[in-house]
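Some notes on the structure that comes next.
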Amino acid sequence: MLPQPCYVPGMVTRIVQVTLEASDGSTTVEQGTLQEFSEFDRFRRAAIIFGVAVLMAAMLIPVPIIHLLGIPLVLVIGIVLAVRQLRLSCRLTPMKIKCPRCHESNRLGGGLGLRSATEPFERQCEDCRRPLTVRISAP
């Protein structure tokens with residue numbers, strides 16, 4: 001009898017409304033896609049980051065003198081990044097949205113992820129460098 005394949009949950013993807021707000025109250029609204037990570041996805045991503053850190057530390061073993069500080073440093077950085085990855089709950093897929101002040105395109109999303117999709121976060125316009133607030137909400 002063959003073993004049953006284990007169920008690997010996929011990421012939940014949903015359409016959201018992304019609002020870019022300037023300090024003067026002007027806003028720009030676009031539709032975006034939000035990928036929500038399951039517990040399994042977050043653990044898998046953290047394990048991959050820690051695994052890469054262990055491999056990098058192993059590569060430092062034959063290097064004289066540098067391995068004395070390099071190996072512990074790489075392992076500590078790997079643990080910190082893995083713990084941070086466990087805290088991330090979602091990721092906004094890469095998109096472009098116009099600045100409400102200068103009307104130039106800004107790249108938004110991608111990267112490792114966001115801690116929360118409900119809390120606004122700050123960023124600067126790539127062109128005019130004005131402070132902007134990004135809000136993600138249901139359409």
Side-chain angles (χ1 to χ4, degrees):
M1 183 172 175
L2 295 173
Q4 295 292 326
C6 66
Y7 173 69
V8 179
M11 286 188 275
V12 176
T13 304
R14 61 185 170 112
I15 304 295
V16 292
Q17 182 175 339
V18 180
T19 306
L20 202 58
E21 183 178 335
S23 57
D24 67 349
S26 57
T27 61
T28 303
V29 179
E30 291 284 335
Q31 269 194 344
T33 306
L34 189 73
Q35 297 173 337
E36 295 177 359
F37 302 136
S38 65
E39 294 286 328
F40 177 80
D41 291 327
R42 295 189 330 200
F43 180 75
R44 180 179 53 84
R45 290 164 54 105
I48 289 170
I49 288 175
F50 184 68
V52 168
V54 169
L55 286 175
M56 289 175 63
M59 290 180 358
L60 288 176
I61 290 173
V63 180
I65 302 194
I66 294 177
H67 74 273
L68 295 174
L69 290 176
I71 293 173
L73 184 66
V74 169
L75 290 176
V76 167
I77 290 172
I79 290 170
V80 168
L81 290 177
V83 168
R84 287 187 70 189
Q85 188 62 45
L86 284 173
R87 293 180 181 169
L88 301 180
S89 65
C90 58
R91 175 176 56 204
L92 190 63
T93 56
M95 62 180 289
K96 291 193 176 189
I97 186 168
K98 292 188 176 192
C99 173
R101 299 289 302 268
C102 68
H103 304 291
E104 291 295 323
S105 285
N106 284 282
R107 289 173 288 158
L108 195 61
L112 291 178
L114 304 169
R115 275 199 181 176
S116 171
T118 57
E119 294 177 14
F121 59 95
E122 302 295 322
R123 65 164 293 141
Q124 284 185 339
C125 175
E126 294 172 359
D127 191 56
C128 65
R129 300 288 181 217
R130 288 189 175 103
L132 302 169
T133 303
V134 179
R135 297 188 197 311
I136 300 172
S137 58

Heavy-atom pair with the smallest gap, counting every atom of [X] and [Y]:
X      : Y      : value
Met59  : Pro62  : O-CD, 3.4 Å
Thr118 : Ser116 : OG1-OG, 2.9 Å
Ala57  : Val74  : N-CG1, 3.9 Å
Pro120 : Thr133 : CB-CG2, 3.8 Å
Leu20  : Pro100 : O-CG, 3.6 Å
Ala46  : Ala82  : CB-O, 3.4 Å

Just wondering, do [Y] and [X] contact through their side chains at under 4.5 Å, heavy atoms?
X      : Y      : value
Val12  : Ser38  : no
Arg42  : Leu88  : no
Arg101 : Ser26  : yes
Ile136 : Leu114 : yes
Gln35  : Thr13  : yes

Using atom types as modelled and distance alone, determine if a side-chain donor or acceptor of [X] lies under 3.5 Å from a backbone N or O of [Y].
X      : Y      : answer
Thr28  : Lys98  : yes
Asn106 : Glu126 : yes
Thr93  : Thr33  : yes
Ser89  : Arg115 : yes
Arg14  : Leu34  : no

[X], [Y]: one ILVMFWY side-chain cluster at the under-4.5 Å cut-off?
X     : Y     : result
Phe37 : Leu92 : no
Met56 : Phe50 : yes
Ile79 : Ile71 : yes
Phe43 : Ile48 : no
Leu75 : Val52 : yes

Q: Show your working on side chain to side chain contact (heavy atoms under 4.5 Å, CB included) between Ile61 and His67 and close with a plain yes or no.
A: CA-CA 6 Å; Ile61 290 173; His67 74 273; 5.7 Å; no
[X] side, atom [atom1]; [Y] side, atom [atom2] - distance, nearest 0.5 Å:
X      : Y      : atom1 : atom2 : value
Cys125 : Arg130 : SG    : CZ    : 8.0 Å
Thr27  : Ile97  : OG1   : CD1   : 9.0 Å
Glu30  : Lys96  : CD    : NZ    : 12.0 Å

Q | For Ser137, side-chain contact (heavy atoms from CB on, under 4.5 Å) partners two or more places apart | A |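 Only Gln17 meet the side-chain contact (heavy atoms from CB on, under 4.5 Å) criterion with Ser137.
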Q: For Glu122, look at atom CD and say whether over 12 heavy atoms of other residues, nucleotides or ligands are found less than 6.0 Å away.
A: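 For Glu122, atom CD is crowded (more than 12 foreign heavy atoms under 6.0 Å).
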Q. Stepwise, does the side chain to side chain contact (heavy atoms under 4.5 Å, CB included) test hold for Leu108 with Arg123?
A. CA-CA 10 Å; Leu108 195 61; Arg123 65 164 293 141; 3.3 Å; yes
